[in-house]
Amino acid sequence: VQLQASGGGLVQAGGSLKLSCAASGRTFSTYAMGWFRQAPGKEREFVAAISYSGGSTYSANSVKGRFTISRDNAKNMMYLQMNSLKVEDTAVYYCAAWRSAGYRGGRGDYWGQGTEVTVSS
């Protein structure tokens, strides 16, 4: 599976942004997918994950109620709708995939290049 994240940019605090992750490979619809982020000077951290069918989702406490993860298996796409953005959401966002139907923690088995999100005050 090859992954490519896009949709990052500069947004004011309180604003919204939608990230996309395009996946190649016929196995996309059988893999759990997710998003991680890495802020300058910090370690990469988990943001959200979604099961292969989209039936189960998981979010970090820091983004609960503000970020929504979704996927469209027919299009081999995954999304992260980010609302009420905060300055501390500034980071490079990466999409990841697990070789399992459900999210099983850890850092994923496949990674794509990141897309940068900058939230200004």
Side-chain angles (χ1 to χ4, degrees):
V1 174
Q2 290 186 318
L3 307 172
Q4 179 64 57
S6 63
L10 175 64
V11 63
Q12 284 192 325
S16 298
L17 210 55
K18 186 174 185 177
L19 305 183
S20 299
C21 176
S24 64
R26 288 174 290 180
T27 54
F28 169 80
S29 62
T30 66
Y31 289 172
M33 302 287 295
W35 292 94
F36 288 76
R37 67 186 182 186
Q38 186 165 18
K42 295 188 177 180
E43 292 192 355
R44 195 170 295 190
E45 64 174 0
F46 170 77
V47 175
I50 188 166
S51 63
Y52 79 105
S53 66
S56 297
T57 61
Y58 312 83
S59 299
N61 287 336
S62 58
V63 306
K64 269 193 174 99
R66 299 189 299 122
F67 291 10
T68 301
I69 188 170
S70 61
R71 66 189 296 163
D72 184 340
N73 286 344
K75 296 181 179 178
N76 275 20
M77 295 291 294
M78 178 182 62
Y79 307 99
L80 185 68
Q81 177 66 48
M82 305 186 294
N83 298 327
S84 302
L85 281 161
K86 303 176 180 179
V87 172
E88 51 263 42
D89 294 319
T90 295
V92 177
Y93 285 71
Y94 300 87
C95 52
W98 286 264
R99 285 193 303 265
S100 59
Y103 168 60
R104 50 179 167 79
R107 299 175 64 116
D109 300 304
Y110 301 98
W111 287 88
Q113 290 185 327
T115 185
E116 189 167 1
V117 173
T118 302
V119 184
S120 63
S121 58

Query - Any donor-acceptor N/O pair, Asn76 side chain to Gly25 backbone, under 3.5 Å - result: yes
Contacts satisfying salt bridge (charged side-chain N to carboxylate O under 4.0 Å, His left out) that involve residues 69-87 (not counting sequence neighbours) are none
Under a 4.5 Å cut-off applied to non-hydrogen side-chain atoms, are Gln81 and Phe67 in contact? no
Kindly work out whether a path of hydrophobic side-chain contacts (I/L/V/M/F/W/Y, heavy atoms less than 4.5 Å apart) joins Leu85 to Leu80. yes
Residue set satisfying salt bridge (charged side-chain N to carboxylate O under 4.0 Å, His left out) with Arg107, at least two apart, ordered chain then number -> none
Quiz item: Any donor and acceptor pair, going by atom type alone, linking the side chain of Trp35 with main-chain N or O of Met78 inside 3.5 Å?
Solution: no
Here the disulfide bond (SG atoms under 2.5 Å apart) pairs for residues 57-94, sequence neighbours left out, are none
The complete set of side chain to side chain donor-acceptor pair (under 3.5 Å) pairs with one or both residues in residues 111-121, sequence neighbours excluded, reads none
Exercise for review: Say whether Val119 and Met82 are linked into one hydrophobic cluster, either directly or through other cluster members, by side-chain heavy-atom distances under 4.5 angstrom.
Suggested key: yes
dist Tyr93:OH -> Phe36:CZ (nearest 0.5 Å) comes out at 13.0 Å
When rounded to the nearest 0.5 Å, the distance separating CG of Leu3 from OH of Tyr110 is 9.5 Å
Enumerate donor-acceptor pairs with a distance under 3.5 Å from any side-chain N or O in residues 42-53 to protein atoms, sequence neighbours excluded.
residue: Glu45; atom: OE2; partner: Arg37; partner atom: NE; Å: 2.6
residue: Glu45; atom: OE2; partner: Arg37; partner atom: NH2; Å: 3.1
residue: Ser51; atom: OG; partner: Gly55; partner atom: N; Å: 3.3
residue: Ser51; atom: OG; partner: Ser56; partner atom: N; Å: 3.1
residue: Ser53; atom: OG; partner: Gly55; partner atom: N; Å: 3.2

For residues 9-24, run the donor-acceptor check on the side chains, cut-off 3.5 Å, and write out each pair with its distance to 0.1 Å, sequence neighbours left out.
residue: Ser16; atom: OG; partner: Asn83; partner atom: OD1; Å: 2.9
residue: Ser24; atom: OG; partner: Gln2; partner atom: N; Å: 3.3

Here the pair of heavy atoms bringing Ala101 nearest to Ala32 is O-CB, 3.8 Å
So salt bridge (charged side-chain N to carboxylate O under 4.0 Å, His left out) across residues 55-69, not counting sequence neighbours, yields Arg66-Asp89
Check: Do Phe28 and Tyr94 belong to the same hydrophobic cluster, where Ile, Leu, Val, Met, Phe, Trp and Tyr are linked whenever their side-chain heavy atoms lie under 4.5 Å apart, directly or via other members?
Finding: no
Residue set satisfying side chain to side chain donor-acceptor pair (under 3.5 Å) with Arg104, at least two apart, ordered chain then number -> Ser100, Asp109
Exercise. Between Trp98 and Met33, is a side-chain contact (heavy atoms from CB on, under 4.5 Å) present by the stated rule, with each step listed?
Worked result: CA-CA 6 Å; Trp98 286 264; Met33 302 287 295; 5.6 Å; no
With sequence neighbours left out, the residues meeting side chain to side chain contact (heavy atoms under 4.5 Å, CB included) with Thr30 are Thr27
